[in-house]
Amino acid sequence: NERYYYCNTGFILLSDVVRRIVGTSFAAATDASLFTPLGMDASSFLPDKAAISNRLAAAYSTDGERQPPEILNAQGSGSMYSSANDLTKYIQMIIANGQFQGQSLVSSNGIDTMTTPQLTNLPLNVTDNPQGLGWDNVSDHRLRYAGKVFWKDGATLYHSAFLGISRQIGYAALLEQ
């Protein structure tokens, strides 16, 4: 408990803990507990649904040559495939304190905990980004005019995405390229 460093390996290990506890793959557990209840039919940690595999974005080199699809298997640490329509359902659930169409999928306390800065008491905290549980920044000083904004971003060789949410004003921004 002396210092903090972001490491994707921790998320991969956590996905294996989930697999061992629930007795099924992380992808199947996430599908059953989150994607299916939210009606996120074009979302998975594997490109195993036609709504994903038939719609993967193509990447091109600077020479204009089409690149092979990026199929990643870093479950828990990324490699989630989704559509903008599906992500709006997730955003609605987060803004509604874990509720979606009358169902409670995540407790309001759980969302509060995920979006609360973690590890703030470390003597050597080398980051200016107060991170939450699964969120890259949960108190971005550049966005304070919009209330408490929390965000997650990620990138591969050819693609990148950003999702920022403010529960206070009920607004989200999703950028994909």
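Every heavy atom of this structure was used, including side-chain atoms; hydrogens, water molecules and symmetry mates were not. On a predicted model such as this, the values are computed, not experimentally measured, just so you know.
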Note: with side-chain heavy atoms under 4.5 Å as the link, the other cluster members for Leu157 come out as Tyr158
Show your reasoning for whether side-chain contact (heavy atoms from CB on, under 4.5 Å) applies to Val17 and Arg19. CA-CA 5 Å; Val17 169; Arg19 179 190 62 80; over 6 Å; no
In terms of heavy-atom contacts, Gln118 and Thr116 come closest through NE2-O, 2.9 Å
Between Thr113 and Leu133 the two heavy atoms that sit nearest each other are CG2-CD1, 3.8 Å
Output for pair (Leu105 CG, Gln99 CD), nearest 0.5 Å, gives 7.5 Å
Leu87 and Ser82 have their tightest heavy-atom pair at CG-OG, 3.6 Å
Ser61 and Gln67 have their tightest heavy-atom pair at CB-NE2, 3.3 Å
* Given the rule that I, L, V, M, F, W and Y join up when any side-chain heavy atoms are under 4.5 Å apart, are Met40 and Ile111 in one cluster? -> yes
Interatomic distance, CZ@Phe150 vs CG@Leu143, rounded to 0.5 Å, equals 12.0 Å
Residues passing the side chain to side chain contact (heavy atoms under 4.5 Å, CB included) test with Ala155, sequence neighbours excluded, are Ser160
Hits for salt bridge (charged side-chain N to carboxylate O under 4.0 Å, His left out) against Arg66, two or more places apart or cross-chain, chain-then-number order -> none
- Task: Check whether any side-chain heavy atom of Met80 sits under 4.5 Å from a side-chain heavy atom of Thr30, and report yes or no.
- Result: no
The single option from Thr115, Leu174, Val149, Ile94 that satisfies side-chain contact (heavy atoms from CB on, under 4.5 Å) with Ile165 is Ile94
Hits for ring-ring contact (aromatic ring centres under 6.0 Å, His included) against Phe162, two or more places apart or cross-chain, chain-then-number order -> Trp151
Apart from Leu13 itself, members of its ILVMFWY cluster (side-chain separation under 4.5 Å) are none
Contacts of Phe26 meeting ring-ring contact (aromatic ring centres under 6.0 Å, His included) (sequence neighbours excluded), chain-then-number -> Phe45
So the salt bridge (Lys or Arg N to Asp or Glu O under 4.0 Å) pairs with at least one residue in residues 102-117 (sequence neighbours excluded) are Asp112-Arg167
* With no hydrogens and no angle check, is any side-chain donor or acceptor of Asp63 less than 3.5 Å from a backbone partner on Glu65? -> no
Here the gap from Ser83 atom OG to Asn85 atom CG, rounded to the nearest 0.5 Å, amounts to 5.0 Å
- prompt: Can you tell if the side chain of Arg55 reaches within under 4.5 Å of the side chain of Tyr81, non-hydrogen atoms only?
  reply: no
In short, salt bridge (Lys or Arg N to Asp or Glu O under 4.0 Å) pairs touching residues 27-48 with sequence neighbours left out are Asp31-Lys49
So the salt bridge (Lys or Arg N to Asp or Glu O under 4.0 Å) pairs with at least one residue in residues 81-101 (sequence neighbours excluded) are none
Heavy atoms of Val22 and Ala29 approach each other most closely as CG2-CB, 3.8 Å
Rounding to 0.5 Å, atoms CG (Leu38) and OG1 (Thr88) come to a distance of 10.0 Å
Arg144 meets the salt bridge (charged side-chain N to carboxylate O under 4.0 Å, His left out) criterion, sequence neighbours left out, with none
The side chain to side chain contact (heavy atoms under 4.5 Å, CB included) partners of Ser107 (sequence neighbours excluded) come to Asn109
Under a side-chain separation threshold of 4.5 Å, the hydrophobic residues clustered together with Ile169 are Tyr171
Would a 4.5 Å heavy-atom cut-off, applied to side chains only, mark Met93 and Ile91 as touching?
no
Task: Side-chain heavy-atom pair Leu175, Asp153 within 4.5 angstrom cut-off - done: no
Nearest heavy-atom contact between Asp136 and Lys152 is OD1-NZ, 3.1 Å
